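Down below is the structure, laid out as structure tokens.
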Amino acid sequence: MTDSRNNKGAQGHLHPLTQIVREIVDSFVAMGFEVADGPEVESEHYNFDVLNVPKDHPSRDMQDTFWLKPSEDGSPNHSTSGVGLKGVSQTVLRTHTSSVQARYMETQKPPFKIIVPGKVFRCEATDATHEAQFHQIEGLVVGEGISLSHLQYTLNEFFKRLYGTQATIRFRPSFFPFVEPGVEVDVSCVKCSGKGCGMCKQTGFIEVMGAGMVHPNVLTASGIDPQKYRGFAFGMGVDRLVMLKYGIDDIRYLYSGDLRLVNQF
Amino acid sequence: MNIPISYNWLRVHFEKDIPAPNEIATLLTKHLCEVEGMEVRNDDTIFDFKILPDRGHDLLSHHGIAREVSVLSGVPFKKIPTEYQQSFEKTEAILKVSVSDAHLCPRYMGRVIENVGVGESPAWLRARLESVGQRSINNIVDITNFVMLELGQPMHAFDLRKLSGAEIFVRKAHEGEKMMTLDNKDITLTPETLVIADSKQALAIAGVKGGKDAGVEAGTTSIVFESANFNAVSTRKTSQRVGIRTDSSRRYEHGLSPSLTEEAIHLATKLLLEMYPQARVGEIVDVYPEPQQAQTIVITVSDINGILGSTLSPDEVEGIVVRLGFTHTRDGETFTITPPLVRLDLSIKEDIAEEIGRVYGFYKITDAPLPDFAFTARPLKAYYYANLIRDTLVARGFSEVYTSSFQKEGEFAVLNPLAEDKAFLRKNLAMNIEQALELNVRNAPLLGLDEIRIFEIGKAFPGVMEEKLLCAVGIELTKAGKKKDTMTREALEEVRTVIGEVLGVAIEGVFTTNVFELDLGALLDTLPEPKVGAPFVSVGTRYQKISAYPFMLRDIALWVPEGIPNDEVLAIIVHEGGDLLRTKRLFDVFTKEFPEGKRTSYAFNLVFQSYEKTLSDEEINNSMLRITIALRARGWEVR
Ligand SMILES: [Zn+2]
């Protein structure tokens, strides 16, 4: 129940997405990671090509990805007729923060450790659990002799900071074009600590992110020698973590500008 | 893609017992893929496996899953036998096949089989199909479906009698060419579409759907079996274009190995011969201009351990390679590996390392702290200053909102918008903040606020290919009266000053009646590099569901003897108000001299709301009555 007296001079409220992003980013900054970012309007090149996503991969389809349109007045840089033209069919709303990987790698020499929070978009009908816009956090570490063991250590450290020292993670086989090997990361259920409950469907674990070793094609495309360097990458959806943590039942409230949600935080 | 797999069907591939269904589920979850369901049906268990996209070419089949069960459990695998007699009476028809585009159809195998019939399938075949949710059609169609579910290779059968001549053409459709599908859908084809045709007309959309005109039906006595390989991308695009997705097209979409067709046509032939031992079986016609080459991958044990962070010995690696059934040679710690042709997902070292790691178990990997990098993290201006402004505004009573990046009007249009009112990217934040102010003003009593103070920091798109980081602050003074606009402007000016003081620069921006918007991205260039990147404080809390039903307002005022704190009064109100009382707020306090002594007046706004329904006046009056009675019971005067 809201208990507000006179609100003049009172504290305002930080959006829960900001709060969780801060919590996550701070954990990684404490581990020596650098915060990086990139544009929301992204080229097909950075969003797909350099991430080893095949040219004809279904994720590039209009059913999954928002494509952007040139100006209506037909200004010289942009054609008016739509698909198939240069500079037109090549621009998307980024579908993941992974698009920042190559942008960073092209300009920076390894070793490095970065954490990338940001808004991403999928062309997907909205309902209580799906939004066409949501937030992701991407991590990328590239250096000599990096292995899956380092990824596991890093994520264990992170989840212990986020959920407490009892938190543990486990890897399961998975597939993403830009990593090889690819893994799904489960974290022990925050509610039952791994014993099994309704929230984790009795499994004791909750699926929280995709991760893996950076695919050599991605390193090569970004000008990094895969013979010399290896890296790991991981990506997680922030909205789901917010919803799980606070029991928010409808993702759409997060983007509605509604203080009935925000002022509870 | 998900696939139903029958436990009993899997068991056919083994001579010895395999682990129980729940053990299989655990084993595959750890080493292969997610198990999204498990259902006991009669004496069988049906699994719902979510096959990873890079294994769609070999695991959308009972054979493929059984191979994995064997690799992971160690129980030896046994192929379903495909051998049959090899000498037949000559067929009357001699099949000819011509393929016009080997890129779209890398391999086409066909064979004529005569002197057969169409009827009901034997009980075992019906049971197999039904166990995984397929309906039995007739024995010949059932055989092709069974082969697909067993081997992952789609097949098709044509009625030879209905073909004009025994020649099959794999070609692109003619502009405007028409075909009626088996389920009576009339399709007009376009020249991108690959079809299977006789000399006159299209008989099937390659890899997607068969046509009615050459379908097998009662009375069919001779058939052509098709076991072909079609291009993944072209099959997917065709399937989208004609709006038909089938179990066959879904498998082709993953890209199948052309090596699969051979085993499939033999299994189909064998099954048909079991039903019609007198059948005349024609030669296999195999159009396969560029046979698939096996991949050879060289990898060392150090490579594997380097990628996985494991400490596997060469013998352990070899053990896993042997279990996987990969052909290999070993020279010290160097392995030269040739995976089977169906494993299209394996072409580089990292693929092999993943395969070894998966079978070994990713969950067995141990932690290793990150090496001490020569890397110094630099703070990111955009992240640092955006959060500094957030904290500044929150401290001044502003709440942060996130709003949609899509708007009904703007400058930068989306080619495939979800809805008409989301056709553009937002050109600024001001418009969204105005809309958010309106929304929150409506809920002001529920929120217990007289003033709505909000802000957003985010990207906006003021022109084609333009992206800016903006910050917009909005104020709505609901109780300000006549001077409202002036007071709002003053408050917004104050915000500008405060941000300027915190950042140490003068702030330019755009004012509207209720909103001040500044170009944070442009401002960043003028700001010094921050010294630290983080942390910024975040606070945890508990969240209460938002009700979809309207709220109702009531006020209550009362006299209490001086010295009674308002908390004591509120406690009674909260107790009596129960779950329906959402918000309570003290809006007036004063103390006055009375003959019997000093008394304090408290006045509260109360907001009632239910999660289940729209409250009636009567329900709220009852709550108010309970509150009033309880307050009066203390001897206080409710006014
Ligand atoms: Zn749980």
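Values in this document were obtained by computation on a predicted structure and should not be read as measured data. Lettering of chains follows the sequences in order, A, B, ..., and the numbering in each one begins at 1.
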Problem set entry | Among the listed options A:Pro117, A:Pro39, A:Pro58, the residue most often paired with chain B at heavy-atom distances under 4.5 Å | A:Pro58
Exercise. Would you call B:Arg236 and A:Asp61 a salt bridge, taking side-chain N to carboxylate O under 4.0 Å as the test?
Worked result: yes
Problem set entry | Segment of B:Asn416 engaging chain A (4.5 angstrom heavy-atom cut-off) | both
For this session: Under the side chain to side chain contact (heavy atoms under 4.5 Å, CB included) rule, what do A:Leu93 and B:Leu425 come out as? Steps first, then yes or no, please.
Result: CA-CA 10 Å; A:Leu93 283 174; B:Leu425 297 181; 3.7 Å; yes
For this session: Just give me the residue among A:Ser256, A:Ser174, A:Gly212, A:Gly32 that pairs up with chain B most often, heavy atom to heavy atom, under 4.5 Å.
Result: A:Ser174
Problem set entry | Atom of B:Ser405, atom of A:Gln133 and distance for their closest heavy-atom approach | N-OE1, 2.8 Å
For this session: Please determine if B:Lys459 and A:Asp37 form a salt bridge, counting it only when a charged side-chain N lies under 4.0 Å from a carboxylate O.
Result: no
Problem set entry | Side chain / backbone / both / neither for B:Leu469 at chain A, heavy atoms under 4.5 Å | neither
For this session: Would you sort out whether A:His13 and B:Glu400 count as a side chain to side chain contact (heavy atoms under 4.5 Å, CB included), showing the intermediate values?
Result: CA-CA 6 Å; A:His13 303 267; B:Glu400 184 186 21; over 6 Å; no
Problem set entry | Residue part contacting chain A, namely of B:Phe604, when any heavy atom lies under 4.5 Å | neither
For this session: Report the relative orientation of the aromatic rings in B:Phe406 and A:Phe66; use parallel for angles under 30°, tilted for 30 to 60°, perpendicular for over 60°.
Result: tilted
Seminar exercise, completed: Applying salt bridge (charged side-chain N to carboxylate O under 4.0 Å, His left out) to A:Glu42 and not counting sequence neighbours gives A:Arg103
Problem set entry | Residue part contacting chain B, namely of A:Lys55, when any heavy atom lies under 4.5 Å | neither
